[in-house]
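All figures in this text were calculated on a predicted structure; none of them were measured in a lab.
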Amino acid sequence: MKVEDNIVAKLKSEIILKIICMIILVVIINILIVFLLRINTYKYLMKVNPLNSDIVANYIFHNSIINGNDNSVGETVVLKDIMPLSSELYNTIENNISKDKYIKGTLKNKIITWLYYNNIFDKSIKKYILNNSRYIKQIQTIKKDVYNRCRYYPILIEKDSDFSYENTWQSKRSYGGNRKHEGTDIMYKKNRPDEVPIISVCDGIVVKKGWLELGGYRLYIKSGDNLYLYYAHLSSYEPGIDEGDVIYAGQVIGYMGSTGYGKEGTDNKFDVHLHMGVYYKLSKSNMSNSSDGIRELPLNPYYLLQFLENNKLYYQN
């Protein structure tokens, strides 16, 4: 019996040892996989270049520090939590992973799932961004320009409670094909057109006026060399406003309505509101990624509107 007991004990010891060795091996393999995935993800990011993503640019723009009353932009950028990135950026990275000849079938799917749940994409993107200090400073320079130019909330208000807006940046829109919302909608709770005066948030020049299928009656105002403000779905224009006119911050330019989503004159396809868009023209000198050296970076107006809440203009009937 003693011999048999010794044999059983020895077998148990060998089994336990093998299990311990297997666990150690699995841990080592996982550590290697994590290390390799971080390197590969960063490599994929360099191919994709997330700095060309409007989502990343907006994250840096809205998380740059603003100092005191002078609206100047700080020297650092807050990157505690990288915002959820666009599905397009994720998909592009996934496609790069799926083409990797060393990653096959089920393993590939598990790796992509693992990347999601462990925020490897976000951590790698944070590292990628922080390693591009010149890009961060350029975005901060843009922010300083935008916040210095924009002075007033875009509507002349009688009662604050009559209006509301939400952060619907990049929300899905279906009219005219699948697209993303590139602005903020200020809703008028009384839902009556031609009652609420729209004012220019900054000094500028009217560069476009007239009908646009998506925007209805709209105005496009240029401020300085690079900033463009887009006011859409107007019911009417303030008399005397024409293309080429010089506009001043606080000047009435039109009236809130519900025009658009059809041929000229189409109205009431949605509730009365102002769609406000903010765009910044990028050139070869400030990080354009387009082939011709010029493109417009859409900026989320939601945070700018929050900033301008302190500069509302009121009127009484």
Side-chain angles (χ1 to χ4, degrees), residues 66 69 71 143 145-169 181-212 214-260 267 270-280 298-317:
I66 301 177
N69 296 323
N71 303 336
K143 180 165 187 172
D145 188 32
V146 172
Y147 275 69
N148 281 340
R149 290 184 179 280
C150 295
R151 294 170 54 194
Y152 295 113
Y153 196 74
I155 56 177
L156 199 56
I157 294 175
E158 183 180 8
K159 291 181 180 179
D160 284 305
S161 58
D162 289 338
F163 305 94
S164 64
Y165 62 94
E166 296 179 354
N167 189 0
T168 56
W169 177 253
H181 192 222
E182 287 188 351
T184 298
D185 296 330
I186 302 177
M187 309 302 297
Y188 183 37
K189 294 179 181 178
K190 293 182 180 179
N191 200 32
R192 296 196 293 257
D194 224 33
E195 283 190 354
V196 180
I198 305 300
I199 62 176
S200 179
V201 303
C202 56
D203 297 338
I205 297 173
V206 178
V207 291
K208 288 183 183 178
K209 173 191 174 184
W211 183 265
L212 191 67
L214 289 176
Y217 292 114
R218 91 319 190 181
L219 283 170
Y220 210 42
I221 294 177
K222 179 183 179 182
S223 181
D225 294 328
N226 302 90
L227 178 61
Y228 293 82
L229 283 300
Y230 176 62
Y231 307 85
H233 308 309
L234 306 185
S235 60
S236 61
Y237 301 106
E238 177 71 2
I241 298 291
D242 291 302
E243 289 185 8
D245 286 353
V246 174
I247 301 295
Y248 298 98
Q251 181 178 340
V252 175
I253 55 177
Y255 296 85
M256 191 181 289
S258 56
T259 59
D267 202 353
F270 37 75
D271 289 343
V272 172
H273 70 280
L274 169 68
H275 169 97
M276 180 178 170
V278 181
Y279 298 87
Y280 204 90
L299 296 170
N300 185 354
Y302 177 79
Y303 303 100
L304 177 62
L305 287 172
Q306 288 187 319
F307 175 76
L308 295 174
E309 289 263 4
N310 297 319
N311 293 306
K312 289 180 177 177
L313 297 180
Y314 294 85
Y315 75 96
Q316 292 181 341
N317 283 326

Can you list the steps and then say if I205 with I221 is a side chain to side chain contact (heavy atoms under 4.5 Å, CB included)? CA-CA 5 Å; I205 297 173; I221 294 177; 5.9 Å; no

Could you tell me whether the side chains of [X] and [Y] share a donor-acceptor contact shorter than 3.5 Å?
{"X": "T168", "Y": "H181", "value": "yes"}
{"X": "Y255", "Y": "E238", "value": "yes"}
{"X": "E182", "Y": "Y230", "value": "no"}
{"X": "N310", "Y": "Y153", "value": "no"}

For the pair [X] (side chain) and [Y] (backbone), establish whether a donor and an acceptor sit closer than 3.5 Å, ignoring hydrogens and angles.
{"X": "D245", "Y": "D242", "answer": "yes"}
{"X": "D271", "Y": "N191", "answer": "no"}
{"X": "E158", "Y": "Y315", "answer": "no"}
{"X": "D185", "Y": "M187", "answer": "no"}
{"X": "R218", "Y": "H233", "answer": "no"}
{"X": "T259", "Y": "Y217", "answer": "yes"}

Can you see whether Y147 has K143 sitting over its ring - NZ or CZ less than 6.0 Å from the centre and within 45° of the normal?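 Judged by the rule (NZ or CZ under 6.0 Å from the ring centre, within 45° of its axis), K143 counts as positioned above Y147.
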
Cation over ring face, K312 and Y152, 6.0 Å, 45°: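 So K312 doesn't make the cation-pi contact.
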
Contacts of Y303 that satisfy side chain to side chain donor-acceptor pair (under 3.5 Å) - sequence neighbours left out: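 Applying side chain to side chain donor-acceptor pair (under 3.5 Å) to Y303 gives N167.
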
The criterion is side chain to side chain donor-acceptor pair (under 3.5 Å); which residues satisfy it with Y188, sequence neighbours excluded?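 Checked Y188 against side chain to side chain donor-acceptor pair (under 3.5 Å); matches are E195.
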
Which residue is it: F163, Y165, Y231? I am looking for the one with a side chain to side chain contact (heavy atoms under 4.5 Å, CB included) to L274.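 Passing option: Y231.
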
Using the side chain to side chain contact (heavy atoms under 4.5 Å, CB included) rule, pick out the option among I253, I241, V206, L229 that qualifies with S200.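 Single side chain to side chain contact (heavy atoms under 4.5 Å, CB included) partner of S200 among I253, I241, V206, L229: I253.
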
So, taking the atom named [atom1] in [X] and the one named [atom2] in [Y], what distance separates them when rounded to the nearest 0.5 Å?
{"X": "N148", "Y": "L227", "atom1": "CG", "atom2": "CG", "result": "11.0 Å"}
{"X": "Q251", "Y": "L313", "atom1": "CD", "atom2": "CG", "result": "12.5 Å"}
{"X": "R192", "Y": "S235", "atom1": "CZ", "atom2": "OG", "result": "13.0 Å"}

Closest non-hydrogen atom pair, [X] against [Y]:
{"X": "V201", "Y": "P154", "value": "CG1-CB, 3.6 Å"}
{"X": "G257", "Y": "P193", "value": "CA-CB, 4.3 Å"}
{"X": "F270", "Y": "S258", "value": "O-CB, 3.3 Å"}

Close side-chain approach of I199 to I155, heavy-atom, < 4.5 Å: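 The answer is no, as the side chains (C-beta and beyond) never meet within the 4.5 Å cut-off.
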
When you compare the side chain of M276 with that of L305, does any pair of heavy atoms fall below 4.5 Å?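 Yes, at least one pair of side-chain atoms sits under 4.5 Å.
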
Looking at K189, I want to see if its NZ is surrounded by more than 12 non-hydrogen atoms of other residues, nucleotides or ligands under 6.0 Å.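 For K189, atom NZ is crowded (more than 12 foreign heavy atoms under 6.0 Å).
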
Hey, is CD on E166 packed in by over 12 heavy atoms from elsewhere, all under 6.0 Å?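 No, not enclosed.
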
Salt bridge D203-R149, side-chain N to carboxylate O under 4.0 Å: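 Salt bridge between D203 and R149, a charged N being under 4.0 Å from a carboxylate O: no.
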
Can Y237 and L219 be said to form a side chain to side chain contact (heavy atoms under 4.5 Å, CB included), step by step? CA-CA 9 Å; Y237 301 106; L219 283 170; 3.6 Å; yes

Show, in sequence, the C-alpha distance, side-chain angles and deciding distance for Y280 and D145, and conclude whether the side chain to side chain contact (heavy atoms under 4.5 Å, CB included) test is met. CA-CA 10 Å; Y280 204 90; D145 188 32; 2.7 Å; yes

